[in-house]
Visitor: 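Sharing a structure, written as structure tokens. Questions coming.
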2 protein chains.
Amino acid sequence: MNASMTDHILKGDRSASCDELFKALSDGTRRALLEYLVREGEQSVHALTAISGVSQPMVSRHLGKLKRASLVTARRAGRETYYSARAKGLAPVVQWMAVYGALWSQRFTALEELDAY
Amino acid sequence: MNASMTDHILKGDRSASCDELFKALSDGTRRALLEYLVREGEQSVHALTAISGVSQPMVSRHLGKLKRASLVTARRAGRETYYSARAKGLAPVVQWMAVYGALWSQRFTALEELDAY
DNA sequence: CCCATCGATAACCCGATGATTATGAACGCG
DNA sequence: CGCGTTCATAATCATCGGGTTATCGATGGG
């Protein structure tokens, strides 16, 4: 695609991270995993596999994508890997929504405080 | 995927619309088109093709997906079709962010006012 | 030490999707 | 009417992405 189109507002790697984030969030299974991590806290791959309805390798791959999108972090403990949701991961998307949502309607102004990220 | 996993919080077609929305937003070209519509207002397919960097049929198809995701509306005027960004289209995604962002950190609480949608 | 468990990777299948070119349908204008 | 413009659709292709099974490395427990 034409880069000159987006360079006006979304500068540099901001759009890249948005791309990765939106892609990561665009899959239902991945969102479900993320939602579970948010609600229940740190979980092992094994536990996530048990509730995900897909195979363990698939869970690992989904977690890998979430991790590359900075939406989760991994902690190794023995032979288990514990994943947890990363709070600040959504920030670029929230900012994107703030920018375009704000131009759309004025109900997003509260989000602008997220500049600190 | 296993439906029982998401039924706790995201009920019914809410997750379906989130899926369509996130998928629609997960493509850079589509986001760029949407951003342009938000910034510049109603535009014809011709005008959007000129700035998109992809072929006209591709622009039509992207706009079709954005439309099915309720992110744009189309207005026919003679042989031209004018597309514009649809304000409330982002609402389900914003709500999703509000729910999980709220669980994540407390900085999102202001978003809960969006229940009106 | 052996074996079971856990998680990541590989090989593979197949449907979805982004992109193209070609075509067709509707409309405005001279 | 006839022609160019505008947009949507069809046919096609290549790639991406989600899913599986099989496998392998690492780790802990008996």
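Chain letters run A, B, ... following the sequence lines, proteins first and then strands; every chain starts at 1. A quick note: this is a predicted structure, and the numbers were derived from the prediction, not measured.
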Visitor: Does atom CZ of B:Arg68 have more than 12 heavy-atom neighbours from other groups under 6.0 Å away?
Guide: no

Visitor: Check the distance between D:dG18's P and A:Leu25's CG and give it to me in whole angstrom.
Guide: 12 Å

Visitor: Take the protein atom CD of B:Gln56 and the nucleotide atom C1' of C:dA19, then report the distance between them rounded to whole Å.
Guide: 13 Å

Visitor: Just the rounded figure in Å: distance from C1' of D:dC7 to CD of B:Gln43.
Guide: 16 Å

Visitor: Does OP1 or OP2 of D:dG19 have a side-chain N or O of A:His62 closer than 4.0 Å?
Guide: yes

Visitor: Give a yes or no on whether A:Leu66 and A:Tyr82 share a hydrophobic cluster (residues Ile, Leu, Val, Met, Phe, Trp, Tyr; joining criterion: side-chain heavy atoms under 4.5 Å apart).
Guide: no

Visitor: Distance criterion of 3.5 Å, no angle test: do you see the side chain of A:Arg61 paired donor-to-acceptor with the base of D:dG17?
Guide: no

Visitor: Can you check whether B:Ser55 has a side-chain N or O nearer than 4.0 Å to OP1 or OP2 of C:dT20?
Guide: yes

Visitor: Closer than 4.0 Å, any side-chain N/O of A:Thr81 to the OP1 or OP2 of C:dA8?
Guide: yes

Visitor: For a side chain to side chain contact (heavy atoms under 4.5 Å, CB included) check, start with the C-alpha distance between A:Asp19 and B:Arg31, then their side-chain angles and the critical distance, and finish with the verdict.
Guide: CA-CA 9 Å; A:Asp19 218 72; B:Arg31 273 203 315 281; 2.7 Å; yes

Visitor: Which part of the nucleic acid, if any, lies within reach of A:Tyr82 when heavy atoms closer than 4.0 Å are counted: base, sugar-phosphate only, or nothing?
Guide: nothing

Visitor: With the side chain of B:Met58 defined as its heavy atoms from C-beta on, choose the nearest nucleotide among D:dC7, C:dC6, C:dA19.
Guide: C:dA19

Visitor: For D:dT6, take OP1 and OP2 only and decide whether either is under 4.0 Å from a side-chain N or O of B:Tyr83.
Guide: no

Visitor: Can a side chain N or O of A:Ser26 be found less than 4.0 Å away from OP1 or OP2 on D:dG17?
Guide: no

Visitor: For the side chain of A:Arg79, counting heavy atoms from C-beta on, which of C:dC6, D:dA8, C:dA8 is nearest?
Guide: C:dC6

Visitor: State which of C:dA19, D:dG17, C:dT21 makes the closest approach to the side chain of B:Pro57.
Guide: C:dT21

Visitor: Roughly, in whole Å, what's the span from CZ in B:Phe22 to P in D:dG17?
Guide: 17 Å

Visitor: Can you tell me how far C1' of D:dG4 sits from NE2 of B:His46, to the nearest Å?
Guide: 12 Å

Visitor: Quickly work out the A:Leu63 CG to D:dG18 C1' distance and round it to whole Å.
Guide: 14 Å

Visitor: Given atom CG of B:Leu66 and atom P of D:dA8, what is their separation to the nearest angstrom?
Guide: 12 Å

Visitor: Just say parallel, tilted or perpendicular for the rings of B:Trp96 and B:Phe22, cut-offs at 30° and 60°.
Guide: perpendicular

Visitor: For A:Ser44 and B:Lys23, find the nucleotide of DNA chain C closest to each by heavy atoms; which residue's nucleotide sits nearer the 5' end?
Guide: A:Ser44

Visitor: Rounded to whole angstroms, how far apart are CZ on A:Arg76 and P on D:dG28?
Guide: 10 Å

Visitor: More than 12 heavy atoms of other residues, nucleotides or ligands under 6.0 Å from NZ of A:Lys67: yes or no?
Guide: no

